[in-house]
Number of protein chains: 2
Amino acid sequence: MVAKTSTRDRILDIAERLFASRGYKNVSVRELTASAGANLASIRYYFGSKDQLLYAIYERYCTPLNKARLQRLADCAEGDGRAPRLEQIIAAFLEPALDVSVDAVGGGARFTRLRAVLIGENLDFLEDLIARNFDATSLAFVEAIHKAVPALGREEVLWRFSFVLGILHYTLIDPNRIRRLSRGLCDPGDTHGLIRFMIPFIAEGFRAPSAPSLAQGAAPRARRTKKEKAK
Amino acid sequence: MVAKTSTRDRILDIAERLFASRGYKNVSVRELTASAGANLASIRYYFGSKDQLLYAIYERYCTPLNKARLQRLADCAEGDGRAPRLEQIIAAFLEPALDVSVDAVGGGARFTRLRAVLIGENLDFLEDLIARNFDATSLAFVEAIHKAVPALGREEVLWRFSFVLGILHYTLIDPNRIRRLSRGLCDPGDTHGLIRFMIPFIAEGFRAPSAPSLAQGAAPRARRTKKEKAK
DNA sequence: GTCTATATACTGATAGAC
DNA sequence: GTCTATCAGTATATAGAC
């Protein structure tokens, strides 16, 4: 367990850490190899290119993350045949991504921040990277949620699921915003507290009635008019 | 109103557009000035530096955005003295940021994406930039929301407000994720539809009962045990 | 105000010795 | 597997002519 870390593993560790804190493009191969105590050419040697190093980081993390999420999801429904509670499904999705203690590789919060950071970089291969690692599991959760709130349409469930992704990503990518805004009252570093606050908000959100239809000519959103001066 | 655009304004326009799509660090001063049909040295001349150009972009947008949000918030409560409905407050916050038709400067969706992209870049001056432009307005909305759901504690309201920020940011920063995941069923380009889906989810989320307290020794979240093997 | 020319530094990639 | 040396490309910054 103390183990000699191979050069390859040291590069993976240090790269995940640096990419997460400063982004992909902003960390050079030079800095990466120097920090890992490895040679400048070692990234090319072990991974082929800087791009493929990122693919390796994703694969190393997502394999156990997806496994944990799907296992938790399966546990929700076990025993009797009834549909699992919404709260259980949400927890099964969020906790493996947030729980630092279950650091299958090196800390869920750090990796989730890496993902969020990368979204802002518009890498040309990012869409492929995300789809390859997340779509299958995400769709499994969409299906499970839909069964728990069968009155909703599929479009609505998908939209609300993407809101969950937003909540998860934003909380991890910009923890200082809420800490500062709350003058320290909210502590994003407290993972368990964080999940505890997220779950009721999200579960009740999913239980909200469908959004009003937007058929042409339909009445505008119920709101005391008055604001109809503009336009 | 048709107006000759000054070089300075052309740079602001093009910089906002390019930063929003590809990030701050990843757009060079060369590309910026070339796209604006201006000289390479003009950014240094007009703004002092690339950093200060970003400050100018924020200021140009946030002044009318904050004004619109606070005006909409004030409109919610007007007339009688009763507290505005939660849905109205949420709409007052979201719509000015999203509504492209109310492009006070150049399109709310684009600027919101710019903000989201920047969060991932870890610029050393970003926290100052955000606090200066957003904190006052955000706190005004937190107070208004708290009045609409007075049973909640302040910490809970602040957390839930940050979830709203997450939903807003994520939807704009990575529209392709939900489009692809839904195989085109969800269209993030449809701003009005988007707001329509967000509002009931968020409003019901705020109406959820408080998160269970996390006092030491308290029972774990109500969930059929069984998962207590791990650890 | 605009433009050219250039200084200085850093990027990822790669060949080839050891 | 590791290392040095170097390629070609691009970044921001800036001096100085016009």
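As the structure is a prediction and not an experimental result, all values here were calculated from the model. So you know, we letter chains A, B, ... as the sequences are listed, proteins then strands, and number each from 1.
Computed from coordinates, the A:Leu123 CG to C:dT11 P distance equals 17 Å when rounded to whole Å. Distance A:Phe19 CZ to C:dG12 C1': 12 Å, rounded to the nearest Å. At whole-Å resolution of the value, CG in B:Leu18 and P in D:dA11 are 12 Å apart. At whole-Å resolution of the value, CG in A:Asn26 and P in C:dC10 are 13 Å apart. D:dG1 atom P lies 11 Å from atom CD1 of A:Ile11, rounded to whole Å.
Residues A:Phe163 and B:Phe163 place their aromatic rings such that the two centres sit no closer than 6.0 Å.
The overall bend of the helix from C:dG1-D:dC18 to C:dC18-D:dG1, read as the angle between its terminal helix axes built from five base pairs each, is 0° when rounded to 10 degrees.
Ring geometry for A:Tyr58 versus A:Phe134: interplanar angle over 60°, hence perpendicular rather than tilted (30 to 60°).
Between A:Asn66 and A:Arg69, the side chains place no donor N or O within less than 3.5 Å of an acceptor N or O (distance only, hydrogens not considered). Checked by atom type, the side-chain pair B:Asp51/B:Tyr24 shows a donor-acceptor distance below 3.5 Å. There is a side-chain donor-acceptor pair under 3.5 Å between A:Ser138 and B:Arg177.
Between the side chain of A:Arg44 and the main chain of A:Ser49, no donor-acceptor pair closer than 3.5 Å is present.
Of the listed residues (A:Ile167, A:Leu185, A:Ile178), just one forms a side-chain contact (heavy atoms from CB on, under 4.5 Å) with B:Trp159, and that residue is A:Ile178. Here the options are B:Thr7, B:Leu12, B:Ile11, the test is side-chain contact (heavy atoms from CB on, under 4.5 Å), and the partner is B:Asp9; only B:Leu12 passes.
Of the residues in residues 37-53 of chain A, those with a non-hydrogen atom less than 4.0 angstrom from any atom of DNA chain C are A:Leu40, A:Arg44, A:Ser49, A:Lys50.
Side-chain atoms of B:Thr7 lie closest to C:dT2 of the nucleotides C:dT2, C:dG12, D:dA11.
Not a single donor-acceptor contact under 3.5 angstrom links the side-chain atoms of A:Arg30 to the base of D:dT4.
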